[in-house]
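One structure is given below, encoded as structure tokens.
Naming convention: chains lettered A, B, ... in sequence-line order (proteins, then strands); numbering from 1 in each chain.
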There are 2 protein chains.
Amino acid sequence: MINLDYKDKRPIYEQIIDKMKELMVMGVIPENAQLPSVRSLAVELSINPNTIQRAYAELERQGYIYSVKGKGNFAADNERLRDLKVDEIKERLIEILDSAKKIGMSDDDIMNVVKNRR
Amino acid sequence: MINLDYKDKRPIYEQIIDKMKELMVMGVIPENAQLPSVRSLAVELSINPNTIQRAYAELERQGYIYSVKGKGNFAADNERLRDLKVDEIKERLIEILDSAKKIGMSDDDIMNVVKNRR
DNA sequence: CTGCTGTATTAGTATAGTTAATACAGCCGG
DNA sequence: CCGGCTGTATTAACTATACTAATACAGCAG
């Protein structure tokens, strides 16, 4: 379900966070479905349970999942998931637009990248 | 010339790299002008000269500056600087467009963010 | 020659990521 | 009710990276 990339310099827990977000937003993990337990995922990935817990705690903080003690961690509603992810992307996009504006890249320059890519 | 942000979790040398790029691309440091020396900038920022050197080494590796032993570090040509920076921004932009595509954000969604922001 | 420049090396410190071990509490099926 | 699953918390230790520190060497210019 998840593949870690040890060449990546980003922390493992961040990789897990991003991958889980993707799996949920893509619908691979349906809304309100149970995520792998902290311990089982730790075994599967051959890493420490604490690292998984850290990732899950952050996912809950951001609203992507909800935790029920004694039962497990569950994906939020579809609508919620999508809204959160769209907002994230918009934020990143705006950051870049600011950088572009700063060095005087024209709207056309930006639009062309968008159009040619899609 | 440069302000460090110790609240920022990014390494100091990265902040210096970005700030220097900006100063050069914006023309605050004109093409072929000499950058502050490793030692003087270290004193000015109250950090270790090694950290400056690391930033400068990376800037040279990326083509933003060129170093002359015994003389100093100098900004690359304007055209070069701009091309490098534009490529950087395009790359980041493409990454985001991929993320957006992955979750099925429409072209219009993207375009609207671009238009409303500028 | 003196004083600036860049460059390199080696060692030490501090912090963040990660592991490890353990404990406690809630849910559920037999 | 009990055993085994779940999440959550705590404390200690290890490791890698960022950063500091001290020092040395080499080139350029007045």
Side-chain angles (χ1 to χ4, degrees), chain A residues 1-21 23-24 29-30 32-76, chain B residues 1-21 23-24 29-30 32-76:
Chain A
M1 203 173 213
I2 286 192
N3 267 334
L4 296 180
D5 178 10
Y6 287 101
K7 287 174 304 249
D8 195 331
K9 61 284 162 208
R10 293 185 330 159
I12 296 177
Y13 72 91
E14 268 192 30
Q15 292 185 42
I16 295 174
I17 290 173
D18 287 348
K19 193 68 186 177
M20 279 301 177
K21 285 182 185 176
L23 290 174
M24 292 187 289
I29 299 177
N32 297 302
Q34 184 166 5
L35 275 61
S37 80
V38 169
R39 290 172 178 80
S40 67
L41 187 55
V43 170
E44 185 187 328
L45 300 182
S46 305
I47 62 175
N48 196 280
N50 291 9
T51 305
I52 308 288
Q53 189 188 335
R54 179 162 184 183
Y56 280 7
E58 180 62 17
L59 283 169
E60 187 184 26
R61 199 192 63 77
Q62 292 182 24
Y64 280 86
I65 68 176
Y66 56 93
S67 296
V68 184
K69 206 190 280 191
K71 300 190 69 176
N73 289 279
F74 303 86
Chain B
M1 202 172 211
I2 287 192
N3 267 336
L4 295 181
D5 178 9
Y6 286 100
K7 287 175 305 250
D8 195 332
K9 62 282 162 209
R10 292 185 332 160
I12 297 177
Y13 71 91
E14 268 190 32
Q15 293 185 41
I16 295 174
I17 290 173
D18 287 349
K19 194 67 185 175
M20 278 300 177
K21 284 181 185 177
L23 290 174
M24 291 187 289
I29 300 177
N32 298 303
Q34 183 166 7
L35 275 63
S37 80
V38 169
R39 289 171 179 80
S40 67
L41 187 53
V43 170
E44 184 187 328
L45 299 182
S46 305
I47 62 177
N48 195 280
N50 291 9
T51 305
I52 309 288
Q53 188 189 336
R54 178 162 184 183
Y56 279 7
E58 180 61 17
L59 283 170
E60 187 184 25
R61 198 192 63 74
Q62 292 182 23
Y64 280 86
I65 68 175
Y66 56 93
S67 295
V68 183
K69 205 189 280 191
K71 300 191 73 176
N73 289 279
F74 302 86

Would you mind reading off the distance between A:Lys9 atom NZ and C:dG17 atom P, rounded to a whole angstrom? 15 Å
Nearest-nucleotide check on DNA chain C, A:Gly70 vs A:Ile12; residue mapping nearer the 5' end is A:Ile12
Restricting to side-chain contact (heavy atoms from CB on, under 4.5 Å), what partner residues turn up for B:Tyr66, sequence neighbours left out? B:Asn32, B:Val68, B:Phe74
Side chain to side chain contact (heavy atoms under 4.5 Å, CB included) between A:Met20 and A:Asn73: does it pass, once the steps are laid out? CA-CA 12 Å; A:Met20 279 301 177; A:Asn73 289 279; over 6 Å; no
Rounded to whole angstrom units, what separation is found between the CG atom of A:Asn50 and the P atom of C:dA16? 17 Å
May I have the distance from B:Gln34 (atom CD) to D:dG27 (atom C1'), rounded to whole angstrom? 14 Å
Nucleotide D:dC19, atom C1' - distance to OH of B:Tyr6 in whole Å: 10 Å
Just N and O in the side chain of A:Arg54: are any of them under 4.0 Å from OP1 or OP2 of C:dT18? no
dist B:Tyr6:OH -> B:Ile47:CD1 (nearest 0.5 Å) comes out at 6.0 Å
Please determine whether a side-chain nitrogen or oxygen atom of A:Tyr56 lies at a distance below 4.0 Å from atom OP1 or OP2 of D:dG7. no
Could you check how far CZ of A:Phe74 sits from C1' of D:dC5, rounded to whole Å? 12 Å
Tell me the interatomic distance from B:Gln53, atom CD, to C:dT5, atom P, rounded to whole angstroms. 14 Å
I'd like to check A:Leu35 versus A:Leu41 (side-chain heavy atoms, cut-off strictly below 4.5 Å). Are they in contact? no
What residues form a side-chain contact (heavy atoms from CB on, under 4.5 Å) with A:Asn48, not counting sequence neighbours? A:Asn50, A:Thr51
So, does B:Ser67 get its side chain near the phosphate of C:dT7, meaning an N or O under 4.0 Å from OP1 or OP2? yes
Rounded to whole Å, please give me the gap between NZ in A:Lys71 and C1' in D:dG7. 13 Å
Would you say B:Asn73 places a side-chain N or O within less than 4.0 Å of OP1 or OP2 belonging to C:dG6? yes
Grab the CD-C1' distance between A:Glu60 and D:dT6 for me, whole Å please. 14 Å
Report yes if at least one side-chain N or O of B:Thr51 is closer than 4.0 Å to OP1 or OP2 of D:dT20; otherwise report no. yes
If the cut-off is 4.0 Å, is A:Tyr13 near the phosphate of C:dT18, judged by side-chain N/O to OP1 or OP2? no
Any donor-acceptor pair under 3.5 Å joining the side chain of B:Arg39 to the base of C:dT7? yes
